[in-house]
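Since we're looking at a predicted model, the values are computed, not measured. Quick note on labels: first sequence line is chain A, next is B, and so on, each numbered from 1.
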Amino acid sequence: MDEIKQRKSQPLLKISIVMELTGLTARQIRYYEDQKLINVYRTKGKQRLYSLNQVDILLIIKQHLSDGFNIEDIRAYFDSQKRQKKAVNDKQARRLLFDEMMNNSPFGSSNQHY
DNA sequence: ATTCTAACA
DNA sequence: TGTTAGCA
């Protein structure tokens, strides 16, 4: 994973900041966590810390709810989205393996140091 | 001062 | 979902 994705998924923001960023109440933010829409990092003192990616997710949840969807709908939506990403990753993995077998990997075969 | 859990006039 | 009590 590249540095940018790593940083965007870094748990840094306490709930008060997330409240301002999303316009949601602390009650709502914790409730969506309870409903398994997000899994939140906890410090040793049990304090919640959110990543920038999770702020995005919360904004999406907020929008979908205002669009008339319920918690179950959104959970199913995220699940299917997760499946699709996994399918894409598997497809890319198969292609990478295939390329290597055909001695055609993106790393090239002409400059191998052995 | 801020966050957390649990519970409900 | 709001709100509040009692704790960390």
_Gap between atoms CG and P, on A/Asn70 and C/dT1 respectively (whole Å)_ = 12 Å
*Which residue lies toward the 5' end of DNA chain B, A/Arg27 or A/Lys14, if each is placed at its nearest nucleotide?*
A/Lys14
*From the options C/dG2, B/dT3, C/dT1, select the nucleotide whose nearest atom is closest to the side chain of A/Leu65.*
C/dT1
_Measure OH/A/Tyr50 against P/B/dT2 and give the value in whole Å, please._
17 Å
*How many Å lie between CG on A/Leu13 and P on B/dT3, as a whole number?*
12 Å
*OP1 or OP2 of C/dT1 less than 4.0 angstrom from a side-chain nitrogen or oxygen of A/Thr25, does that happen here?*
no
_Please report the interatomic distance CD(A/Gln35) to CD(A/Glu33), rounded to the nearest 0.5 Å._
10.5 Å
*asked:* Rounded to whole Å, please give me the gap between CD1 in A/Ile15 and C1' in B/dC4.
replied: 9 Å
*Find the distance A/Glu20:CD to B/dT2:C1' and express it as a whole number of Å.*
13 Å
*So if you build clusters from Ile, Leu, Val, Met, Phe, Trp, Tyr with side-chain heavy-atom gaps below 4.5 Å, do A/Leu21 and A/Tyr41 land together?*
no
*What is the distance from CD of A/Gln47 to C1' of B/dT3, rounded to the nearest Å?*
6 Å
_Between C1' of C/dT1 and CD of A/Glu33, the distance in whole Å_ = 17 Å
_A/Arg42 atom CZ, neighbour heavy-atom count above 12 within 6.0 Å_ = yes
*Between A/Gly45 and A/Ile71, name the one whose nearest nucleotide on DNA chain C is closer to the 5' end.*
A/Ile71
*pair A/Lys82-A/Lys85: side-chain heavy atoms closer than 4.5 Å*: no
*Watson-Crick or G-U wobble mate for C/dT1, both contacts under 3.5 Å*: none
*Answer whether the closest heavy-atom distance between the side chains of A/Thr22 and A/Tyr50 falls below 4.5 Å.*
no
_Nucleotide B/dT3, atom P - distance to NZ of A/Lys46 in whole Å_ = 18 Å
*Pair assignment for B/dT2, Watson-Crick or G-U wobble, requiring both distances under 3.5 Å*: C/dA8
